[in-house]
Amino acid sequence: MAQDEDAALFLLVKGQGDKAAFAKLFDKHQASVVRFAFRFVGSRARAEELAQDIFVKLYKSVQSYQPHAKFKTFLFRVATNHCLNEVRRPDHAREETAPPPQLEASGPLAEQPDQVLEGKELEEAVSRGLRAMSDRERAAFSMCRFEGLAYKDIALALAASEPAVKSLIHRATQTMLKELEAFEASRQPEESAP
Amino acid sequence: MTEREVEQLTAFIDGELEASEAEAVKAKLAENAEWRAMETKLRRALKSLQTLPGPVPSAGLKTAVMSRLDDPKPSFVETLSKFFTVRRLVTAGALGVAVVLALLWNFYQGRVPATFEDVEQVYVAEHFDELEDFEVLGLQDTADLEVVEALHQLEGNP
């Protein structure tokens, strides 16, 4: 489905309150939103709750959608604002001390047990990297690296300038690079063992 | 490499540079081994992120969302009560009390700026002896001013 088709569907929601059109948009973007929320808060259960709130907010804020805007940018603007508010809640810090997330290994790493283990460790390293970033760095990084948004769309979602986004992504990438290098270094003795 | 150079290289890998900037980065990569090493590191790290499995949304998520679409918007009172949590009210109250106490402390410590009337009172206090002498002698003419001014000397040398 092309980007403009998303906008056309959302305009149906705006004009006629078309829930079938909204359901189609939900089907297409739910994985993306849950993944973004998960990268943001580091908890699968919380990510599902946030995704639920984000889609409800999206539906209720449909009247503020301008036809010239990209639907995905609008969606991520809603998602980013909601996630930023979530991590600023006073009780969020307590939830953050929960153990690292356990994911279903549904991707390419699920095939072999040792690959599953490596995938789990990589996931933990990535979680550490994400936690070491500022909230805005994490938002920009997640949109760029996991959702493939362009800098200009991230700038719109974050209400920031493109140079600011470029800088946020650079700093976040360096933070992640350090974590991934530490992860690689910790695995080298195992790999070189007979 | 400088921070700015690594930032440019990252944006180059992301395909976010203008054509002229991208050409400049390509030239650096062709001539500089440090740039190439950093490019390899960045590309490798970014590739490893692509292998991560994301969380799979639960089957009940769609039902939960669709059932909430017709929820009424929260009323103004509900929004206010959500904003004014006990924690926020306590914090705001504590700050208010602190401000009032600070103002009272300043007032009683005399840190409040003096008014015009205060300045006159301060002058009277500082020159109280001299003014008392004027009152005791009574001023008849300008010569009395000299008498008052020299009064202490006269008292010391009868």
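Labels below follow one simple rule: chain letters A, B, ... track the order of the sequence lines, proteins then strands, and each chain is numbered from 1.
Heavy-atom pairs under 4.5 Å with chain A were tallied for B:Leu9, B:Asp14, B:Thr10, B:Val6; the largest tally goes to B:Asp14. For the set B:Gly15, B:Ala64, B:Ser58, B:Gly60, the entry with the most heavy-atom pairs within less than 4.5 Å of chain A is B:Ser58. Note on A:Arg171, A:Gln30, A:Arg145, A:Glu49: by heavy-atom pairs under 4.5 Å with chain B, the leading option is A:Arg145. Across B:Arg44, B:Glu3, B:Arg68, the residue that shares the most heavy-atom pairs under 4.5 angstrom with chain A is B:Arg68.
Identified under the salt bridge (Lys or Arg N to Asp or Glu O under 4.0 Å) test for residues 19-28 of chain B, with sequence neighbours left out: B:Glu23-B:Lys26.
Ring geometry for A:Phe71 against A:His29 counts as tilted: the plane angle lies between 30° and 60°, on a 0 to 90° scale. Ring geometry for A:Phe74 against A:Phe10 counts as tilted: the plane angle lies between 30° and 60°, on a 0 to 90° scale.
None of B:Lys41, B:Arg43, B:Arg36 except one satisfies the salt bridge (Lys or Arg N to Asp or Glu O under 4.0 Å) rule with B:Glu39; the exception is B:Arg43.
Heavy atoms of B:Ile13 lying under 4.5 Å from chain A are absent altogether. Heavy-atom distances place the side chain of A:Phe26, and not its backbone, under 4.5 Å from chain B. Both the backbone and the side chain of B:Leu61 come within less than 4.5 Å of a heavy atom in chain A. Of the two parts of A:Asp53, the backbone and the side chain both hold a non-hydrogen atom closer than 4.5 Å to a non-hydrogen atom of chain B. Looking at A:Gln174, the atoms closer than 4.5 Å to chain B (heavy atoms on both sides) all sit in the side chain, from C-beta outward. When heavy atoms are compared at a cutoff of 4.5 Å, A:Glu181 approaches chain B solely by way of its side chain, counted from C-beta outward. The contact between B:Glu7 and chain A is made by backbone and side chain atoms together, counting heavy-atom distances below 4.5 Å. When heavy atoms are compared at a cutoff of 4.5 Å, A:Ala47 does not approach chain B at all. Heavy atoms of A:Phe141 lying under 4.5 Å from chain B belong exclusively to its side chain.
In terms of hydrophobic clustering, with Ile, Leu, Val, Met, Phe, Trp and Tyr side chains grouped at heavy-atom distances under 4.5 Å, A:Leu156 and A:Leu58 are assigned to different clusters.
Between A:Lys24 and A:Asp27, no side-chain nitrogen of the basic residue sits less than 4.0 Å from a carboxylate oxygen of the acidic one, so the salt-bridge criterion is not met.
Separation of atoms OG (A:Ser61) and CZ (A:Arg77) is listed at 11.0 Å; rounding is to 0.5 Å.
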| task | Evaluate side chain to side chain contact (heavy atoms under 4.5 Å, CB included) for A:Ile54 paired with A:Cys83, printing each intermediate quantity in order. | result | CA-CA 9 Å; A:Ile54 289 164; A:Cys83 289; 4.3 Å; yes
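Taking the ring centre of A:Phe146 as origin, the terminal cationic atom of A:Arg35 falls outside the region bounded by 6.0 Å and 45° from the ring axis.
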